[in-house]
Trainee: 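Provided herewith is a single structure, encoded as structure tokens, for subsequent inquiry.
In listed order, ligands and their atoms are each counted from 1. Side chains are part of it too, since the values below use all heavy atoms of this structure and drop only hydrogens, waters and symmetry mates. The shown structure was predicted, so the numbers you read here are calculated from the model rather than taken from an experiment.
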Amino acid sequence: MQGIITSNISNQYQIEVNNTTYEAVARGKFKIGEITPVVGDSVEIEVIDEEKKTAVINKILPRDNYIKRPKLANVERLIFVISASHPKPDLLLLDKQLVFTEFLGIEPIIVINKMDLGKEEIIEDIKKIYTNIGYKVIETIAKEKQGIKEVRNELQQGISAFSGNSGVGKSTLLNAIFEKDLTKEGVISNKNKKGKNTTTAIQLYKLEEGSYIADTPGFATFDVYEIENKDLYKYFRELKEEEKNCEFVGCTHIKEENCGIRKALEEGKISKLRYQNYVKIYEDIKDKEEHKW
Ligand SMILES: Nc1nc2c(ncn2[C@@H]2O[C@H](COP(=O)(O)OP(=O)(O)OP(=O)(O)O)[C@@H](O)[C@H]2O)c(=O)[nH]1
Ligand SMILES: [Mg+2]
Ligand SMILES: [Zn+2]
């Protein structure tokens, strides 16, 4: 039988097979082998007890992609949630995450939540930056269920995962999409020190046939560090376009004369904010490289 892993806590897995959930463990061989099953994996299972709905995982089917932190396989799209205010938009994190989706070949969607709180001009500027380079941006007020249909429309097939800083409204968005309070259903939520509900584990929720949504604790430490800094520009779409105009092979696009990317920046073709984040991430990767040894 074939199913999909919808949750995993240590060696306990929930597998969904045609609307039935089995509790499964992974065969011992997975511990020895290189890969362990993770949420999002399609797996072959062997039923141990049909009445108790217990099973073992025998095989992991080939993955489309794999995200390390948090561990998730076969993600079709990532929805990056920022909030217009409280907390203020974290565009450095957003750009890091966009680099990551470009790197992995996952479709990104940007949601600006808490539109009731933000300053309009600032939000318009942010929206322009990202729509100009071809990203889909959706504005929402999750608390008032505004913009929810538009988000839902994007989640028609495959696995989608929500990501973003704590407090931006990911769980509130999910509850609005599913029209129920998911945090009351299972293990995903814990009260933190301030008594707020905060997401602690990954769980896939079935939205409709063939479409699953993951609420995650956030991808705050997104691993851009497996990208070499000399390649970083390739994952900034608009920078990649201009690189052909750089004079020097191996141009870092930071200090060089006759750099096509810096020229485009001066001409206003590239957003200053995006370029600044390129430089920050570049330096970040460089620091990590130097401290590796
Ligand atoms: N004003 C306003 N508040 C919102 C909106 N959406 C969510 N909130 C509030 O923001 C707070 C945080 O929302 P959550 O949905 O828990 O945020 P989260 O991203 O899931 O946070 P973590 O689970 O900690 O990562 C809650 O108090 C929500 O009620 C919105 O559109 N407008
Ligand atoms: Mg949450
Ligand atoms: Zn250059």
Trainee: Find the distance between CD1 (I57) and CD (E44) and round it off to the nearest 0.5 Å.
Mentor: 11.5 Å
Trainee: Taking 4.0 Å as the limit for heavy-atom contacts, which would you say applies to V81 with ligand 1: side chain only, backbone only, both, or neither?
Mentor: neither
Trainee: Which ligand 1 atoms does K170 reach within 4.0 Å, using its non-hydrogen atoms?
Mentor: 15 (O), 17 (O), 18 (P), 19 (O), 20 (O), 21 (O), 22 (P), 25 (O)
Trainee: If the threshold is 4.0 Å, N to carboxylate O, is there a salt bridge linking K52 and E23?
Mentor: no
Trainee: G164 near ligand 1, heavy-atom distance under 4.0 Å?
Mentor: no
Trainee: Compute the shortest N/O to N/O distance between M115 and ligand 1 and return yes if it is under 3.5 Å, no if not.
Mentor: no
Trainee: Hey, mind stepping through K136 and I110 against side-chain contact (heavy atoms from CB on, under 4.5 Å) and telling me if it holds?
Mentor: CA-CA 6 Å; K136 175 127 205 170; I110 299 164; over 6 Å; no
Trainee: Between L93 and D90, what is the shortest heavy-atom contact and its length?
Mentor: N-OD1, 3.0 Å
Trainee: Examine the side chains of Y130 and D95 and answer whether a donor and an acceptor come within less than 3.5 Å of each other.
Mentor: yes
Trainee: As an exercise, identify every atom of ligand 1 less than 4.0 angstrom from a heavy atom of D116.
Mentor: 1 (N), 2 (C), 30 (C), 31 (O), 32 (N)
Trainee: In ligand 1, which numbered atoms sit nearer than 4.0 Å to a non-hydrogen atom of T172?
Mentor: 6 (N), 7 (C), 13 (O), 14 (P), 15 (O), 28 (C)
Trainee: Between S83 and N113, is any side-chain donor less than 3.5 angstrom from a side-chain acceptor?
Mentor: no
Trainee: Between Q97 and S163, is there a side-chain donor-acceptor contact under 3.5 Å, judged purely by atom types and distance?
Mentor: yes
Trainee: With 2.8 Å as the threshold, which protein atoms of type N, O or S lie near the Zn ion (ligand 3)? Leave waters out.
Mentor: C246 SG, C251 SG, H253 ND1, C259 SG
Trainee: Using a strict 4.0 Å cut-off to heavy atoms of L117, name the atoms of ligand 1 that fall inside it.
Mentor: 1 (N)
Trainee: Scan the side chains in residues 231-240 for donor-acceptor partners under 3.5 Å anywhere in the protein, sequence neighbours excluded, and list what turns up.
Mentor:
residue	atom	partner	partner atom	Å
D231	OD1	K234	NZ	3.1
Y233	OH	E243	OE2	3.4
R237	NE	E102	OE2	2.7
R237	NE	Y135	OH	3.4
R237	NH1	I133	O	3.2
R237	NH1	G134	O	3.3
R237	NH2	E102	OE2	3.3
E238	OE1	R274	NH2	2.9
E238	OE2	R274	NE	2.7
E238	OE2	R274	NH2	3.4

Trainee: Side-chain polar contacts of residues 155-162 - donor-acceptor pairs under 3.5 angstrom, sequence neighbours left out - could you list them?
Mentor:
residue	atom	partner	partner atom	Å
Q156	NE2	N153	O	3.4
Q157	NE2	E76	OE2	3.1
S160	OG	R77	NH1	2.6

Trainee: Does ligand 1 come near enough to I141 that some N or O of the ligand is less than 3.5 Å from an N or O of the residue?
Mentor: no
Trainee: Nearest non-hydrogen atom to atom 11 (C) of ligand 1 belongs to which of Q146, K143, K114?
Mentor: K114
Trainee: Salt bridge or not between K263 and E242? Use side-chain N to carboxylate O under 4.0 Å.
Mentor: no
Trainee: Quick check on contacts: which atoms of ligand 1 are under 4.0 angstrom from a heavy atom of N113?
Mentor: 5 (C), 6 (N), 7 (C), 31 (O)
Trainee: Mind checking what makes ring-ring contact (aromatic ring centres under 6.0 Å, His included) contact with Y22, not counting sequence neighbours?
Mentor: none
Trainee: Check this for me - ligand 1, G169, N or O atoms closer than 3.5 angstrom, yes or no?
Mentor: yes
Trainee: Does the shortest distance from the Mg ion (ligand 2) to an N/O/S atom of T172 fall below 2.8 Å?
Mentor: no
Trainee: Using a 3.5 Å cut-off on N or O atoms only, is T140 in polar contact with ligand 1?
Mentor: no
Trainee: With no hydrogens and no angle check, do the side chains of N277 and K96 hold a donor and an acceptor under 3.5 Å apart?
Mentor: no
